[in-house]
Structure formats: C-alpha cells, structure tokens
2 protein chains.
Amino acid sequence: MTDTDRPATGLRPTRQRLAITAALQASVDFQSAQEVHDAVRQNGEKVGLATVYRTLQAMADAGEVDVRHSPAGEATYRRCSTSHHHHLVCRSCGRTVEITGSAVEKWAHAVADEHGFTEVAHTVELVGLCAECSRQQQARTS
Amino acid sequence: MTDTDRPATGLRPTRQRLAITAALQASVDFQSAQEVHDAVRQNGEKVGLATVYRTLQAMADAGEVDVRHSPAGEATYRRCSTSHHHHLVCRSCGRTVEITGSAVEKWAHAVADEHGFTEVAHTVELVGLCAECSRQQQARTS
DNA sequence: GCCGGGATGGGAATCACTCTCAATCTACCG
DNA sequence: CGGTAGATTGAGAGTGATTCCCATCCCGGC
C-alpha cells in the first residue's frame, strides 16, 4: 500500500477521474454528486455513480474541492480556490445571494493559526429572511 | 384570533412539543433529530420519530432553533441564541476546538443587513489539520 | 506483453428523512 | 358540559441519497 499523500496528482488519472474533474471545472457553482454524474454522461463518458461519489469524496479529502450540504440534504461539490464566496440564503423562499468577505477569510486564518491548525478551509453559511419574506411574515403575525 | 405572541400558524403546545423543546433546552450542542428523539424517550415521554422531525422543522422555520448539516449528512438542531460558538475541526483526527469570534458575528450581521435580510443565523465551520496531524503528514510525505 | 494492486461499476443495502392516513386530542362554542 | 372542527400524532411504507460488496478491469512498472 503506497500512501496516497500527494496533493493534486496523487490519484491515478483514470479516464473516469479526468471526466469528473472536467465536469467540476466546467461549473462555478456547487453541484450535487448526481449532477456531476449527469454532466459526465453528457460529455459522452460512462462513469458509475459509485465512482463519482468515491472520487468526489477523495477530492474533498485532498482539499481539491469544497463540500457543502444543501438544505435538501444533498452534498454538493465545487472546485476549490476559484472566486471563493459564501451564501446568504432565505430560509423561507430559498433565494440566494452570493457574498464575498475578505474579513471572514482573514479571521478564519487568524483563528486557525492561533490554534496551530494548517490547511484550513472554511464554510460560512448565513440563513435568514430576505426583505420580501420578512415583510410577508410581519403582515401575517400582526 | 387576537393571539398576541404565538408564531404564525398557531402551534399547539402539546405534550410532545413541550417534550421536544425541553430536550433541546437541555443541551448546548447540536443534536440530530434521532438524538432528540432518544433524549425525549429517556425523559419518559413517548413521541414518534415523525413528530420529532416535524416539530424540529417547524421550530427551525419559526427561527427558534438553528439547523446545521453535519458532514455525516444528518441535520442537527440547536436552540437558538445561547453561548454561540463555532468549531475548528481537524479533518484527520477529528479533534475539535470551540471558538468564539465576535468579529464574525458582526460581519454576518452587517452583510445580512446590507442585503435586507432579517433574523439571520449563521454557521461557520473551519476545517483543517491540527498541529499534530500537520506534523505527521509532513513526515509521511518525505 | 505480463503482473499486481488500485479502480471501477452495478445493484443491493443502508440511512436519514418524508408521506400517508386513520385515530386522537385540543380548543372553543353553544 | 357535551359536541365539533380542525390541528396533531404515530406507525410504517416510501423516497432519495449515499455506501457497500465483489468480480472484473485498467494503469503503470518491469
């Protein structure tokens, strides 16, 4: 068992893995495993669902992709290190706003550093009521 | 129908709901629905799993609890507004450090405000390698 | 070209969660 | 105080995502 510690290229570059990587690169947004699977198929490659899950997980482990859980309970993946941003989600209507905040990035790094942690990734999720839903709710509560 | 402070759809304070609320109040940490279910039972109340899920969801909707998705894919719940803190988790050994950061809280509020969102809750998760695991990893890569 | 071990894939298994629907309970009315 | 409407409950089936199993396949080295 050779240890597979090498960052990006540690995994064997099989046709399937390349296809999955390509599918991820093709989108800027978070995609569920199933979506990735579909995308790969539409590119003409045939890859098993199990393989998609496995590969995605391996990549997440290696820090090559970010994982996130959608409210629907699906895990979604996005290639790392590209226009890093967070989401502000309305808990009522699901509306989503993308936000970037260098403030948080800095804070995350500082905190991690303080505790001796390295290679830190972070997930920030803001959930609230968007302006419209707030209004509606107020009207209902009166 | 002059109900003054009851949440929108008028939740009835049934035995089951009170039991669930109590179970939530009893813990400071995030609990999965199943854990809440167990806790309720250990308190001597008999409540159906479906009811737990329904109630938890209703409470989340009403903003009375925070929801969060554990990496394991379970939804976990925590009563709102009590000793709010975040976690710094080691992705290798699972070690966890609790952190508080008023900086993030402020940022979250500011951003939410900026976009007209109200009643904003936030989840922040930092994942990295703790000092020890960093060291081991380095040793292994050589 | 041949070998060894990691990688693959299809389908069954698992797990968290939701739905269905009849029985039950609550609040409130007369 | 009994009656009624409608909210609530719970057991189990259903759903959908993800993982497991294992025989087969392929990559990379020799």
Side-chain angles (χ1 to χ4, degrees), chain A residues 1-6 8-23 30-41 43-62 64-65 67-78 91 94 140, chain B residues 1-23 30-41 43-62 64-65 67-78:
Chain A
M1 198 202 358
T2 37
D3 65 7
T4 51
D5 277 3
R6 251 172 299 166
T9 16
L11 303 172
R12 226 190 255 173
T14 64
R15 195 189 321 286
Q16 291 89 334
R17 277 187 192 152
L18 293 175
I20 292 171
T21 307
F30 279 94
Q31 299 175 88
S32 70
Q34 319 260 350
E35 284 168 342
V36 171
H37 183 228
D38 281 358
V40 167
R41 295 219 146 178
N43 286 347
E45 301 283 356
K46 200 156 156 288
V47 178
L49 189 53
T51 303
V52 174
Y53 275 105
R54 243 183 326 227
T55 304
L56 245 24
Q57 222 164 52
M59 293 174 83
D61 250 32
E64 290 171 41
V65 297
V67 197
R68 201 195 124 197
H69 281 92
S70 74
E74 293 171 285
T76 56
Y77 304 83
R78 185 194 59 183
R91 85 173 113 237
R140 222 191 309 159
Chain B
M1 58 147 177
T2 332
D3 68 349
T4 39
D5 48 12
R6 209 157 292 168
T9 22
L11 296 176
R12 235 186 249 172
T14 64
R15 195 189 324 286
Q16 290 88 335
R17 277 186 192 153
L18 294 176
I20 291 171
T21 306
F30 279 95
Q31 300 174 87
S32 71
Q34 318 260 351
E35 285 169 341
V36 171
H37 183 229
D38 281 358
V40 167
R41 296 218 145 177
N43 285 346
E45 301 283 355
K46 201 158 156 289
V47 178
L49 189 54
T51 304
V52 174
Y53 275 106
R54 247 183 323 229
T55 305
L56 246 21
Q57 219 163 55
M59 292 174 83
D61 250 32
E64 289 171 41
V65 297
V67 198
R68 200 197 123 193
H69 281 93
S70 73
E74 294 170 285
T76 55
Y77 305 83
R78 185 194 57 183

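Remember, predicted model here, so these are calculated numbers, not experimental data. Labels below follow one simple rule: chain letters A, B, ... track the order of the sequence lines, proteins then strands, and each chain is numbered from 1.
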| query | At what distance, to the nearest 0.5 angstrom, does CD of B:E64 lie from OH of B:Y77? | reply | 13.5 Å
| request: Under the side chain to side chain contact (heavy atoms under 4.5 Å, CB included) rule, collect the residues that match up with A:T51, sequence neighbours excluded. | output: A:Q16, A:V47, A:R54, A:T55
| field | Interatomic distance, B:N43 atom CG to B:D38 atom CG [nearest 0.5 angstrom] | value | 11.0 Å
| query | Among all residues two or more places apart in sequence or in another chain, which pass the side chain to side chain donor-acceptor pair (under 3.5 Å) test with B:Q34? | reply | B:Y53
| query | Looking at five pairs on each end of the helix from C:dG1-D:dC30 to C:dG30-D:dC1, what is the angle between the two axes, given to 10 degrees? | reply | 30°
| remark: Hits for side chain to side chain contact (heavy atoms under 4.5 Å, CB included) against B:R41, two or more places apart or cross-chain, chain-then-number order -> B:H37, B:K46
| Gap separating the CD atom of B:E45 from the CZ atom of B:R17, nearest 0.5 angstrom | 14.5 Å
| request: Let me know the distance between CG of B:L56 and P of D:dG10, rounded to the nearest Å. | output: 14 Å
| task | Starting from P on C:dA7, measure out to CG on A:L18 and report it in whole angstrom. | result | 13 Å
| note | When every non-hydrogen atom of B:A75 is compared with those of B:V67, the smallest separation belongs to CB-CG1, 4.3 Å
| note | 5' to 3', nucleotides 8-25 of chain C under a 4.0 Å protein heavy-atom cut-off (B base, S sugar-phosphate only, - none) gives BBB-----SBBB-----B
| query | Of all residues at least two apart in sequence or in a different chain, which pass the side chain to side chain contact (heavy atoms under 4.5 Å, CB included) check with B:T76? | reply | B:F30, B:S32, B:R68, B:S70
